[in-house]
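Structure, as C-alpha cells:
Chain letters run A, B, ... following the sequence lines, proteins first and then strands; every chain starts at 1.
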Amino acid sequence: MFALADGNNFYVSCERVFDPSLEGRPVVVLSNNDGIIIARSNEAKRMGIAMGTPAFRVRKLIESGKLIAFSSNYALYGDMSNRMMRIFGEFTPGVEVYSIDEAFLDFRGFPPATDFKALGRDIRRRVRRYIGIPVSIGFAPTKTLAKALNRIAKKHMPGGVAVADTPAKIRRALEMTPVEDVWGIGRRHAARLQRQAVHTAAEFVRLPDDWIRKRMSIQGLRTKYELLGRPVWDLEQGIPPRKAIRTARTFVQDTSDRDFVDEAIAHFTAVAAEKLRAQGSWARYITVFLRTNRFRRHQTYQALHFTVTLPYATSSSIVLIHYAREALRRIWRPELAYKKAGIMLTGLQPQGQRQLDLFRPSPDMKHHRLMQIIDRINLTEGRHSVRIAAQGRARAWQLAQMRRSPRYTTRWDEILRIYAH
DNA sequence: TCTGGGGTCCTAGGACCC
DNA sequence: TCTGGGGTCCTAGGACCC
C-alpha cells in the first residue's frame, strides 16, 4: 500500500496555527505581489471564491472584513512543511516529499492485515497535535489511486482517512472520482474525455488501450494501469538535481525602464545561480525572456526570449550575469512596456569536468572560490547582503506584500517585534 | 488600476550520421 | 522510370503537476 498524506488548505492552516481566531472564518492566501488567490479555507471555498481569482475581484470583501487575506509567507510554510514531513517519517522510512504540502508514504512492507484506517487516524492525530495542521490521508495499492483516495478522504470522510485495499473498494473509488480529478489527467484531456461521455475514472479505465495511447500518449496509458491497481510509479526518495532553474517575476507595474529591467535580470540571474551552486551544478545555457501585459487591450501580447550558449559551463554569477545582460540587449524593444521578466538556466551538469572552447574565453577559475565565499556570507548575514553591482540596490525585485504574517518559526526579530507592542 | 511562480515528460519533425 | 535502412541529437510545442 501507498498513502498520500497532505495538509488541508495548507497555507491557510499554517496561518491558523499562529492565530487560532482564524478558525471557522473565511481566509485566503495570496500569491506574490498579492496578485491572485492560491489557498482558501473551507469557509472561503463555500463563499464561491475560486482558485486563481485575482485579488482585486475580492477587494471589497477583504476591506469590509468578510474575508481575511494574507500575503504568502513561504519562510513559514516551508518550515511547517519540514516539521510535518518529519512526523510522517516516524511512521515509515519511505517518505517521498512530493510538494510543500503533500507526501507519498510507502507501506508496502507492512503486513497485509494492517489496519490502515487506524494507522491513518494515528498519523492524523499526531500531526494535528504536534504541528497543528489538519491532514487527509488516502491509502491504496498505487500512487494514482492513493491520490484519488486522498480526495475522497477530504470530501467524504469526516475522519479524514480513506482506504481502498480490496478490488471492490477500488471499483467504488473509481466510480466516485470524476475524470478531471484523476492525477495525470489535466484540463485538456478531461474536456476531450467528457465529449466522449467519459465522466468518471471508472469509465476511463474501460477505454481501450490503443485509444488512450493514441490520444494521451504513453502517460495516459500509465494512468489507466495505475487506476486498475497495477503500479507503474515507484516511490522516489532523495531530491534529484533540477534539470532547469528558472527565476521570473511579474512587475507591480508595466515598465519600459531599461535600467530597471537590466537590474531585475541581473538579480534573477544571481538568485538562480545561487540555486545552481546549491545543487552542485554548472549551466551551459541561459535564456532571458520578457513578456508584455496579457491583460492589456491596446497592446498585443508579446513574449520575447533569447538563449545564449555559454562558452563553458559555469555557476559563476558574474559570468552568468554578463551573458544574461547580453541576451537582454538582443531582445529589448524600447517601444514596449513589460509586465514580466525572467531567466532560465538549462543544460545543467554536475560540477566537475567541462569542455572548453579553443576560440572563446576561458573560465576565470577564481570565481568558484569567490562564489563560495559570497554564498557563505549571505547564509549567515542574510540573503543578498553581498551582491554583484549589476543587481543594483534592492528596487527591481521588491514585491508588493501588504498582508504578510510574521515568519513565526524562523525569525526571532519578527516575533520580538510583536511582543514588544 | 489591480491578474503567480516553478517544474517535468512526451512527441513530432528536422538535421545529421553511417 | 525505378531511389534503403537504421540510428542519434536537438528543438518547439503540448500536456501535465504543485
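The CZ-C1' distance, from A:R187 to C:dG14, rounds to 13 Å in whole Å. Residue A:L345 contributes atom CG, which lies 15 Å from atom C1' of B:dG5 at whole-angstrom precision. Between the CG atom of A:N9 and the P atom of C:dC18 there is a distance of 15 Å, rounded to whole Å. Rounded to whole angstrom, the span from the CH2 atom of A:W233 across to the P atom of B:dT8 amounts to 14 Å. Note: CE (A:M344) to C1' (B:dG7) measures 10 Å, nearest angstrom. Atom-to-atom, NZ of A:K214 to C1' of B:dA12 comes out at 16 Å; the value is rounded to the nearest Å. Between the CZ atom of A:R246 and the C1' atom of C:dC18 there is a distance of 14 Å, rounded to whole Å. Residue A:I49 contributes atom CD1, which lies 16 Å from atom C1' of B:dT3 at whole-angstrom precision.
Closest approach of A:R333 to A:Y338, counting heavy atoms only: O-OH, 2.8 Å. Heavy atoms only, all atoms of each residue included: A:Y77 and A:S71 are closest at OH-O, 3.8 Å.
Between A:G52 and A:K275, the residue whose closest nucleotide on DNA chain B is further toward the 5' end is A:G52. Checking A:I38 against A:P241, the closest nucleotide of DNA chain B that is more toward the 5' end is the one next to A:I38.
If you check every strand for non-hydrogen atoms under 4.0 Å, A:K147 touches sugar and phosphate atoms only. Residue contacts shown for A:Q253 are absent, as no nucleic acid heavy atom lies under 4.0 Å away. Residue contacts for A:R59: at a heavy-atom cut-off of 4.0 Å it reaches a base atom on one of the strands shown. Backbone-only contact: A:R213 has heavy atoms under 4.0 Å from sugar-phosphate atoms and none from a base. Note on A:I100: nothing from the nucleic acid sits closer than 4.0 angstrom, heavy atoms only. Residue contacts for A:I36: at a heavy-atom cut-off of 4.0 Å it reaches a base atom on one of the strands shown. Among the heavy atoms of the strands, none lies under 4.0 Å from A:S72. Within 4.0 Å (heavy atoms only), A:V182 reaches sugar-phosphate atoms of the nucleic acid but no base atom. At the heavy-atom level, A:A244 lies under 4.0 Å from the strands shown only through sugar-phosphate atoms. Among the heavy atoms of the strands, none lies under 4.0 Å from A:R192. In this structure, A:I185 reaches the sugar-phosphate backbone alone: every heavy-atom distance under 4.0 Å involves primed, P, OP1 or OP2 atoms, never a base. Backbone-only contact: A:D101 has heavy atoms under 4.0 Å from sugar-phosphate atoms and none from a base.
Look at A:K340 and you'll find a side-chain N or O under 4.0 angstrom from OP1 or OP2 of B:dG5. A sub-4.0 Å separation between OP1 or OP2 of C:dA15 and a side-chain N or O of A:R188 is present. Taking side-chain N and O atoms only, A:K243 has a distance below 4.0 Å to OP1 or OP2 of B:dC9.
With a 6.0 Å cutoff to the six-membered ring centre and a 45° limit on the axis angle, A:R230 counts as a cation-pi contact of A:Y225.
Taking every side-chain heavy atom of A:A248 into account, B:dG6 is the closest of B:dG6, B:dC9, B:dC2. For A:T250, the side-chain atoms get nearest to B:dG5 when compared with the rest of B:dG7, B:dG5, B:dT3. Here B:dT3 is the nucleotide among B:dT3, B:dG6, C:dC18 with the atom lying nearest to any side-chain atom of A:N293. For A:W183, whose side chain is taken as the heavy atoms from C-beta onward, the closest listed nucleotide among B:dG6, C:dC17, B:dG4 is C:dC17. Distance from the side chain of A:S99 is smallest to C:dC18 among B:dC9, C:dC18, B:dT1. Candidate nucleotides B:dC10, B:dT3, C:dC17 were compared by shortest atom distance to the side chain of A:R222, and B:dC10 ranks first. Taking every side-chain heavy atom of A:E102 into account, C:dC18 is the closest of C:dC18, B:dT11, B:dT3.
Using bins of under 30°, 30° to 60° and over 60° for the plane-to-plane angle, the ring pair A:F260/A:F251 lands in the perpendicular bin. Using a 30° and 60° split on the angle between ring planes, A:Y408 and A:F18 fall in the parallel class, below 30°.
Counting heavy atoms from C-beta outward, A:V261 and A:T255 have side chains that approach closer than 4.5 Å.
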- Task: In sequence, state the C-alpha distance, the side-chain angles, and the governing distance for A:I343 and A:I286, and then conclude on side-chain contact (heavy atoms from CB on, under 4.5 Å).
- Result: CA-CA 7 Å; A:I343 71 109; A:I286 182 165; 4.2 Å; yes
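Taking a centre distance below 5.5 Å and an interplanar angle below 30 degrees as the stacking criterion, A:F295 stacks against the six-membered base ring of B:dT3.
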